[in-house]
Amino acid sequence: MSMKDYEFWFVTGSQHLYGPEALDQVAANSKAIVDGLNASGKMPCRIVWKPIVKTAAEIKTMFKEASYNDSCAGVIAWMHTFSPSKMWINGLKDFKKPYCHFHTQFNREIPWDDIDMDFMNLNQAAHGDREHGFICTRLRMQRKIIVGYWQDEKPQNKLASWMRSAVGYAFSQNFKMVRFGDNMRQVAVTEGDKVEAEIKLGWDVEYRGIGDLVAIMNEVTDAEVDAMMAEYAEKYDMNTDNVDSVRYQAKTEVAMKKMFDEFGYSAFTTNFEDLHGMDQLPGLACQDLMAKGYGFGGEGDWKVAAMTAIMKAMAEGMTGGTAFMEDYTYHLEKGNEHILGAHMLEVCPSVAVNKPKIEVHELGIGDRQPPARLVFDSKNGDAIVASLVDMGGRLRLIVNDVKACNPLHKMPKLPVAGVMWKPMPDLETSAQAWIMAGGAHHSVLSYDVTAEMMHDWAAMMGIEFVHITADTTIEGIEKELFFNDVAYKIGI
Ligand code: MN
């Protein structure tokens, strides 16, 4: 399912005490809010108005239906009037989907000349929502709280951001991927507990021998390769005479796509140590598949492959770009420290600032033919890098805010795509904090997905979240990591 297929249910709590006339007004007002939010143009998915809930039975029924409806990616709740929260316990305690408590009010301003007790009794979100907040906290319920007037940009943007996180949650629950070959033989951070990942995150991480892919490649026709070549010619500049190498990548991509369609895979890994029966490491093939929304991880790194796919799903319809990334090398000029991110081949062209060029170069690692790949520079802009690591018994998501930029200088001899960035708060603190937190050398870089979206996604998933920001200090992060360890050990 894509972003537009999901919907969010907007439920307004009340009770019979107010009488039918007031309840009709509550219904009309909450409908107006839903219409206003949908008409704002900011919401990535449709918000669906649900009839006001006034009893424990109605509340329970609404949550049961939301739980079983595959299109419903989450519930947004608002208490226009007072809705006694004992009525909500049975419905809420079994509800597992993302939940947003939207603390707003129908009217922006107090109608100074006309305000009377009827008005006061109708417009009670200020205390009705506090009653609701108590029961959610008492139930230790994970939820997003958004405060603000419903016509204002800030709460609308927060709601849209949360909806994207919730779509990431739904995507994660139905996520399937394939590893072509295993992990690199000796690498630690790309390993992890796939059973735990399926329990916590919903991921089905499958394995297929590279021979299974080669068998499909051998059946790919010239016409299928021609069609893929035509697609490349439209999107990229051909900057090589080695057309055979490019055709080999086209054949690889066609075969991978066939397998992904057959088994429902949304992400994949390759491993240059395991290419039995292949002439080239997939380069251009991986890059073009990433541009189409597939997740990818190099060297068998299935966690980063999955995160790339999920973050791309969260960013659907946005135009900044999201890419599998690796911290490659540093520029340590005093006061102008930057990281150059790249990979052997596989950087997603969604982050390109210029039209990518198809080039063929020797790999320098491994023993295969020189692979075709896309070469380009990256955009300027605020971005994040994210890394999911397995701490043994729990998963930790680390996010660093960064300022990405065009390369500081031309790099004419560099045969791969690259992204430069300045990590927040500075390279010294960022790198120290990242290394203390155990962040991988692989990450997902995104100009679209924000740290707040990743925070909310991690909260929905019930995993640890560590955020390295412009305000991060080493002393602070050291304490945070220590207290997080304590919290997980004692099982808070
Ligand atoms: Mn790598």
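No hydrogens, no waters, no symmetry mates; every other heavy atom, side chains included, goes into these values. As the structure lists them, so they are numbered: ligands from 1, and atoms in each ligand from 1. One is the number of the first residue; the rest follow in order along the sequence.
- Between NE2 of His442 and OE1 of Glu326, the angle at the Mn ion (ligand 1) works out to 80°, rounded to 10 degrees.
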Between His101 and Tyr99, is the ring pair (Phe, Tyr, Trp, His ring centres under 6.0 Å) condition met? List the steps.
CA-CA 7 Å; His101 183 184; Tyr99 194 61; 7.5 Å; no
Does Phe8 form a ring pair (Phe, Tyr, Trp, His ring centres under 6.0 Å) with Trp162? I'd like the steps, not just the answer.
CA-CA 11 Å; Phe8 289 82; Trp162 172 81; 5.3 Å; yes
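- When distances from the Mn ion (ligand 1) to the N, O or S atoms of Glu299 are compared, OE1 comes out shortest.
- A salt bridge between Asp237 and Lys357 is absent, with no side-chain N of the basic residue lying under 4.0 Å from a carboxylate O of the acidic one.
- In this pair, His331 and His338 present their aromatic rings tilted. The plane angle is within the 30 to 60° band.
- Coordination check, His343 versus the Mn ion (ligand 1): passed, since an N/O/S atom of the residue sits under 2.8 Å.
- At a threshold of 2.8 Å, the Mn ion (ligand 1) has no backbone or side-chain N, O or S atom of Asp301 nearer than that distance.
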